Amino acid sequence: MSTSGTPQFRYTQTPSKVLHLRNLPWECTEEELIELCQPFGKIVNTKCNVGANRNQAFVEFADLNQAISMVSYYASSSEPAQVRGKTVYIQYSNRHEIVNNKSPGDVPGNVLLVTIEGVEAGDVSIDVIHLVFSAFGFVHKIATFEKAAGFQALIQFSDSDTASSARNALDGRSIPRYLLPEHLGSCHLRISYSAHTDLNIKFQSHRSRDYTNPYLPVNPTAIEGIVQPALGPDGKKKEPESNVLLASIENMQYAVTVDVLHTVFSAFGTVQKIAIFEKNGQTQALVQYPDLTTAAVAREALEGHCIYDGGYCKLHLSYSRHTDLNVKAFSDKSRDYTIPDASLLAAQQASSLPPAPPVWQNPQSAQMYPGNDFGATAAAHAQIPRGQVASWDPNMQAGRLTFVPAASSYPSQNFAAASVPAYATAATSGGSLPLSQRSPITSGVPSSVITQPGVPPNLRPGGASPPGVQPGGVSPPGQSYYGQ
DNA sequence: AGCACA
């Protein structure tokens with residue numbers, strides 16, 4: 001009964017009316033296929049956007065000789081077959097008819113997947129997209145995101161008729177020039193249907209909008225219309241403050257566990273969540289405080305310091321773009337201290353192997369993208385072709401972490417410091433930071449945070465500690481951590 | 001850069 005006996009393809013192909021085309025550009029349209037193939041004969045069927053990358057297609061000619069003529073032409077031509085400047089490779093298909101030419105993107109629905117070619121995310125605002133598509137009916141929701149294919153938007157209409165009229169009118173067309181920044185050339189729209197029927201928008205932001213729900217909260221780190229990062233007085237990009245710190249750990253001679261980090265960072269306030277991950281071979285961690293001020297204090301105090309004496313495990317701190325991490329409550333790489341009885345979860349976690357893959361690996365279950373700030377992008381993940389995991393850091397494949405590492409998944413976002421509400425100023429105005437009494441570290445070697453090298457603080461919880469060494473997290477900030 | 005759909 002198995003169908004897996006035959007090889008996937010053969011190196012010698014018998015001629016077929018059906019040609020297999022690969023290395024096509026993303027979202028290649030049927031029109032483009034026809035333009036390429038019809039000089040050789042009558043095309044009776046096509047199937048576009050095939051394969052994991054949606055860059056393959058099939059074309060069926062009315063007559064075998066027409067297919068043969070196309071293959072032979074390009075076999076001896078000095079000019080390769082091209083679509084949109086990409087060389088297209090043509091072979092006989094190993095089938096002799098196209099049985100079903102409907103691609104998922106061709107099945108009508110009320111949600112359109114729009115790819116805007118040749119632009120970056122900041123070039124076309126969500127308001128422009130809304131304006132363009134509103135011409136065809138009430139736009140319920142828009143979610144924008146960047147994927148390998150480029151800048152994309154999911155646009156939700158009431159029904160598939162409205163969506164179809166928009167698709168028919170706009171597919172392959174360009175957004176009017178006057179709606180775009182001057183530096184842009186043409187930007188064509190490629191439109192297909194999404195399998196979604198209802199987008200899950202969690203915030204009004206510059207990347208997602210729900211026009212049916214004006215009371216939806218505005219994402220404080222993604223307020224609409226602010227695309228350019230705020231500039232500091234020196235003209236350099238000013239780093240947006242955040243209650244979440246990104247810690248890079250340099251010279252990691254000792255294991256830095258979640259417990260170690262918790263100990264270190266708890267000196268400045270309640271640590272809500274921690275996630276450790278690898279990035280470019282370096283260990284990094286996200287540490288979440290309840291507020292900006294605490295994060296700012298911790299950042300000031302710890303920047304450049306080492307967790308252990310001797311220059312080991314040196315911390316470099318910056319603000320994360322996250323405001324609320326979505327982490328496993330208890331794993332070896334993450335902790336959510338806001339969940340009571342996390343330790344109980346630990347036992348269950350430990351016994352269940354292998355760890356469940358993050359939901360985004362499964363397009364079927366990608367309807368809900370749990371807890372990240374960009375709920376709207378949940379829908380985007382359903383667009384990941386079957387079996388393909390998008391451009392995720394391979395280290396994440398361990399499946400331990402469910403938070404989204406911003407840098408790898410949303411490469412081009414620019415959250416503006418200016419968009420942070422008023423309380424941000426509290427963090428920067430602090431002439432009276434609790435730690436300001438510490439002497440500035442002028443020598444090249446900052447003092448360590450934990451004064452006993454090689455003795456992880458988590459091994460000495462609370463109680464008895466060697467003379468002169470404070471158990472981590474117990475002392476108020478600014479005292480013994482920097483004593484000698 | 002290498003074959004869809006059930």
Side-chain angles (χ1 to χ4, degrees), chain A residues 1-38 40-109 113 115 117 147-150 167 171 190-196 362-366 382-391 394:
Chain A
M1 301 313 181
S2 170
T3 55
S4 61
T6 34
Q8 287 278 304
F9 66 83
R10 298 160 298 191
Y11 288 92
T12 55
Q13 275 121 3
T14 53
S16 162
K17 302 199 300 275
V18 181
L19 299 183
H20 174 231
L21 294 82
R22 58 195 157 82
N23 203 38
L24 290 160
W26 168 267
E27 296 280 316
C28 174
T29 62
E30 182 179 46
E31 289 72 25
E32 287 171 312
L33 280 183
I34 290 172
E35 187 182 345
L36 177 71
C37 301
Q38 72 175 354
F40 301 93
K42 181 169 193 247
I43 295 156
V44 297
N45 214 342
T46 65
K47 181 167 179 58
C48 313
N49 301 323
V50 164
N53 293 324
R54 291 165 64 98
N55 60 356
Q56 301 173 38
F58 296 93
V59 172
E60 180 177 343
F61 283 100
D63 186 82
L64 179 63
N65 289 325
Q66 297 167 347
I68 292 173
S69 76
M70 181 164 183
V71 169
S72 352
Y73 175 84
Y74 284 113
S76 59
S77 167
S78 56
E79 293 286 307
Q82 288 191 331
V83 171
R84 273 184 254 160
K86 281 194 79 178
T87 295
V88 177
Y89 300 89
I90 304 171
Q91 289 177 300
Y92 298 113
S93 172
N94 53 23
R95 303 193 197 181
H96 288 83
E97 62 179 339
I98 292 176
V99 290
N100 176 10
N101 69 336
K102 283 282 182 279
S103 303
D106 294 330
V107 179
L113 171 63
T115 303
E117 297 178 335
K147 278 284 174 302
R167 180 180 123 117
D171 190 20
R190 301 283 158 196
I191 306 180
S192 60
Y193 295 103
S194 165
H196 290 276
N362 180 353
Q364 269 73 37
S365 62
Q383 298 299 328
I384 297 169
R386 281 176 293 274
Q388 194 190 42
V389 176
S391 55

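Keep in mind that what you see is a predicted model, and the values were worked out from it rather than measured. Labels below follow one simple rule: chain letters A, B, ... track the order of the sequence lines, proteins then strands, and each chain is numbered from 1.
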Check whether any side-chain heavy atom of [X] sits under 4.5 Å from a side-chain heavy atom of [Y], and report yes or no.
X       : Y        : value
A:Arg54 : A:Ser192 : yes
A:Leu21 : A:Leu36  : yes
A:Asn23 : A:Lys86  : yes

Next item on the list: Would you mind classifying the nucleic acid contact of A:Glu60 as base, sugar-phosphate or nothing, using non-hydrogen atoms under 4.0 angstrom?
Entry: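 Nothing, no heavy atom under 4.0 Å.
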Note to self: Base, sugar-phosphate or nothing for A:Val50? Non-hydrogen atoms, less than 4.0 Å.
What the structure shows: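 A:Val50: backbone/sugar contact only, no base atoms under 4.0 Å.
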Could you state the [atom1]-[atom2] distance from [X] to [N], rounded to the nearest angstrom?
X       : N     : atom1 : atom2 : answer
A:His20 : B:dA1 : NE2   : P     : 13 Å
A:Asn94 : B:dA4 : CG    : P     : 8 Å
A:Leu33 : B:dA4 : CG    : P     : 16 Å
A:Leu24 : B:dA4 : CG    : C1'   : 13 Å
A:Asn53 : B:dC3 : CG    : P     : 11 Å
A:Lys17 : B:dA4 : NZ    : P     : 19 Å
A:Tyr74 : B:dA1 : OH    : P     : 19 Å
A:Ile90 : B:dA1 : CD1   : C1'   : 13 Å

Next item on the list: Compare the ring of A:Tyr89 with the six-membered ring in the base of B:dG2 and state whether they stack (centres under 5.5 Å, planes under 30°).
Entry: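 Per 5.5 Å and 30° rule: no stacking.
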Residue [X], side-chain heavy atoms: nucleotide from [options] that is nearest:
X       : options             : result
A:Ser93 : B:dA1, B:dG2, B:dC3 : B:dC3
A:Gln56 : B:dC3, B:dA1, B:dA4 : B:dC3
A:Ile98 : B:dC3, B:dA4, B:dA1 : B:dA4

Check: Which residues satisfy the side chain to side chain contact (heavy atoms under 4.5 Å, CB included) test with A:Thr29, sequence neighbours excluded?
Finding: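 With neighbours one apart ignored, the set is A:Glu31, A:Glu32, A:Asp171, A:Arg190.
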Check: A:Val18 or A:Asn23: which one's nearest nucleotide on DNA chain B is closer to the 5' end?
Finding: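 Residue closer to the 5' terminus by nearest nucleotide: A:Asn23.
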Next item on the list: Keeping to residues at least two apart or across chains, list the ring pair (Phe, Tyr, Trp, His ring centres under 6.0 Å) pairs with something in residues 44-66 of chain A.
Entry: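 Every pair satisfying ring pair (Phe, Tyr, Trp, His ring centres under 6.0 Å) with a residue in residues 44-66 of chain A: A:His20-A:Phe58.
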